[in-house]
Visitor: 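Supplied in structure tokens, the structure appears directly below.
Values below: every heavy atom of this structure, side chains too, minus hydrogens, waters and symmetry copies. For this chain, numbers begin at 1 and follow the sequence in order. Every number for a ligand or one of its atoms is a count from 1 in the order of the listing.
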Amino acid sequence: MNLKYPFLDLGRVNEPYADEMVAAAERVIRSGRYIGGPEIEAFESDLSSYTGAPFAVGVSNGLDALRLILRAYKEMGVLSDGDEVIYPANTYIASVLAISDAGLTPVAVDIDERTMNIDTGLLEQALTERTRAIMTVHLYGRVAWDDTLVDVARRHGLKVIEDCAQALGARTLYSGFHESHHAGALGDAAGISFYPTKNVGALGDAGAVLTHDEELARTVRALANYGSDRRYHNLYRGFNCRLDPIQAAMLRVKLPHLNSENADRFARALAYRRTIDRRDIVLPLMTNEVNDCVWHQYVIRVPADRRESFMRQMENEGIGTDIHYAVPPHRQLCYASLVHGPLPVTERIADEIVSLPIGTGISVADAAEIGSVINGLDF
Ligand SMILES: *Cc1c(COP(=O)(O)O)cnc(C)c1O
């Protein structure tokens with residue numbers, strides 16, 4: 001169905017950059033360097049200066065970024081098989097896949113209904129003698145970081161890994177472990193995704209690892225390159241998880257525009273906030289903190305028993321919607337054997353959430369128009 005306001009139109013997202021991308025692609029094609037090389041080095045350096053994380057390693061995608069961090073910690077002797085890693089129950093499955101892939105045990109913690117991110121007040125009671133790390137996920141673009149998280153991590157000697165797939169460009173007033181207040185540079189290491197729908201999207205799969213730890217960066221880089229630190233010398237049983245130079249070249253075109261893209265997302269979120277006025281719809285939190293959310297998704301909540309009707313009527317009005325995510329990871333078949341405590345907030349909101357269009361495809365006026373349509377719906 002051809003919608004007036006599709007949920008996300010990636011062609012339109014990339015249209016403003018198309019000429020520059022074509023030129024960048026031609027540069028790579030003519031360079032003869034298709035693995036590693038100057039495009040990768042330049043992009044890694046751009047990412048590192050943008051976030052303030054001193055080390056950036058381009059990798060194949062966001063899931064691999066997280067997998068490589070955890071595998072690297074195992075090679076370094078920081079983590080071992082069966083160690084527990086805490087993660088927020090409301091997340092994309094990739095966060096959890098990375099943990100189980102590394103032979104570690106994912107431990108779900110429920111979320112705070114206001115932020116939709118991990119409820120840091122529940123961290124302490126989720127700890128066991130096997131807890132070694134927390135994976136905090138900046139879901140929907142909102143930084144999941146506060147003093148409680150830092151305090152629990154410090155007191156118990158836990159590593160903090162940020163799943164920053166949705167939040168590049170977000171910042172927080174809270175202190176990280178280091179000077180930067182940028183998402184991706186707050187904790188010990190972060191995984192970034194440049195999947196095409198993310199705030200900075202490549203033309204295919206791409207990702208990066210950010211860290212302040214030189215040894216971790218070196219280990220991740222080797223693991224992503226067959227476990228080899230120099231040609232034909234293999235320190236680890238590694239993988240092939242490198243970032244392609246052609247994608248790095250595309251990302252170099254788009255990264256300089258991230259702040260302005262994120263500002264546009266904020267303007268659309270504000271238009272929704274100012275327009276939508278219904279007692280049966282809960283809008284996402286908007287704080288006075290600047291940039292604590294980069295609005296990767298704009299997720300509202302409607303009564304569970306009327307969600308289907310809401311989405312159907314929106315489609316009839318020509319407005320695309322989506323659900324992020326319809327089934328939380330602990331409810332997936334592949335994690336049927338995963339042991340977890342009660343996760344009431346995640347369970348409840350999973351049936352209520354609906355994402356509205358927030359990407360470049362719609363203007364601020366469109367968002368206001370969509371908001372008015374929502375006010376008039378009888379769903
Ligand atoms: C997109 C995403 C990932 C995975 O990134 P890919 O590049 O698609 O592998 C991980 N975590 C979250 C929260 C994501 O949104």
Visitor: So which of Ala202, Ala98, Gly62 gets nearest to atom 6 (P) of ligand 1, if we judge by its closest heavy atom?
Guide: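 Among Ala202, Ala98, Gly62, the closest heavy atom to atom 6 (P) of ligand 1 comes from Gly62.
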Visitor: Is Asp163 in polar range of ligand 1, meaning some N or O pair under 3.5 Å apart?
Guide: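 Yes; at least one N/O pair falls below 3.5 Å.
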Visitor: Quick one: do Glu20 and Lys254 make a salt bridge, cutoff under 4.0 Å?
Guide: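 Salt bridge: no.
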Visitor: Need the ligand 1 atom indices (1-based, order shown) with element for anything under 4.0 Å from a heavy-atom of Ser193.
Guide: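 Matching atoms, with element in brackets: 1 (C), 5 (O), 6 (P), 7 (O), 8 (O).
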Visitor: So, 4.0 Å and heavy atoms of Lys198: is ligand 1 close enough to count as a contact?
Guide: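 True for this residue.
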Visitor: Going by the closest heavy atom to atom 12 (C) of ligand 1, which one wins out of Ser60, Ser95, Ala165?
Guide: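 Among Ser60, Ser95, Ala165, the closest heavy atom to atom 12 (C) of ligand 1 comes from Ala165.
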Visitor: Considering the heavy atoms of Ala94, write down every atom of ligand 1 situated less than 4.0 Å from one of them.
Guide: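 Checking each atom against Ala94, I get 3 (C), 4 (C), 10 (C).
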Visitor: Against heavy atoms of Leu63, which atoms of ligand 1 measure under 4.0 Å?
Guide: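 Within the 4.0 Å cut-off of Leu63, ligand 1 contributes 4 (C), 5 (O), 6 (P), 9 (O).
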Visitor: Tell me, do Asn225 and Asn240 make a side-chain contact under 4.5 Å, heavy atoms counted?
Guide: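 When only atoms from C-beta onward are counted, Asn240 and Asn225 do not touch, as no gap falls below 4.5 Å.
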Visitor: Checking salt bridge (Lys or Arg N to Asp or Glu O under 4.0 Å) between Glu352 and each of Arg306, Arg307, Arg301, which is the one that passes?
Guide: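 Exactly one pass, corresponding to Arg301.
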Visitor: What is the closest protein heavy atom to atom 8 (O) of ligand 1, and at what distance does it sit?
Guide: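 Looking at atom 8 (O) of ligand 1, the protein heavy atom closest to it is Tyr195 CD1, 3.7 Å.
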Visitor: List every atom of ligand 1 that sits less than 4.0 Å from any heavy atom of Asn61, numbering the atoms from 1 in the order shown and giving each element.
Guide: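 Near Asn61, the atoms of ligand 1 are 7 (O), 9 (O).
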Visitor: Any ion pair linking Glu124 and Arg155 (charged N to carboxylate O, less than 4.0 Å)?
Guide: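 Between Glu124 and Arg155 there is a salt bridge, with a charged N closer than 4.0 Å to a carboxylate O.
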Visitor: Is Glu44 salt-bridged to Arg221, cutoff N-O under 4.0 Å?
Guide: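 Judged by the 4.0 Å cut-off on N to carboxylate O distance, Glu44 and Arg221 do form a salt bridge.
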Visitor: Is it true that Arg30 and Glu26 make a salt bridge, defined as a side-chain N closer than 4.0 Å to a carboxylate O?
Guide: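 Yes, this pair counts.
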Visitor: Quick check on contacts: which atoms of ligand 1 are under 4.0 angstrom from a heavy atom of Gln166?
Guide: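 Ligand 1 atoms under the 4.0 Å threshold to Gln166: 13 (C), 14 (C), 15 (O).
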Visitor: Decide, yes or no, whether a salt bridge links Lys4 with Glu317 under the criterion of side-chain N to carboxylate O below 4.0 Å.
Guide: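 Salt bridge: no.
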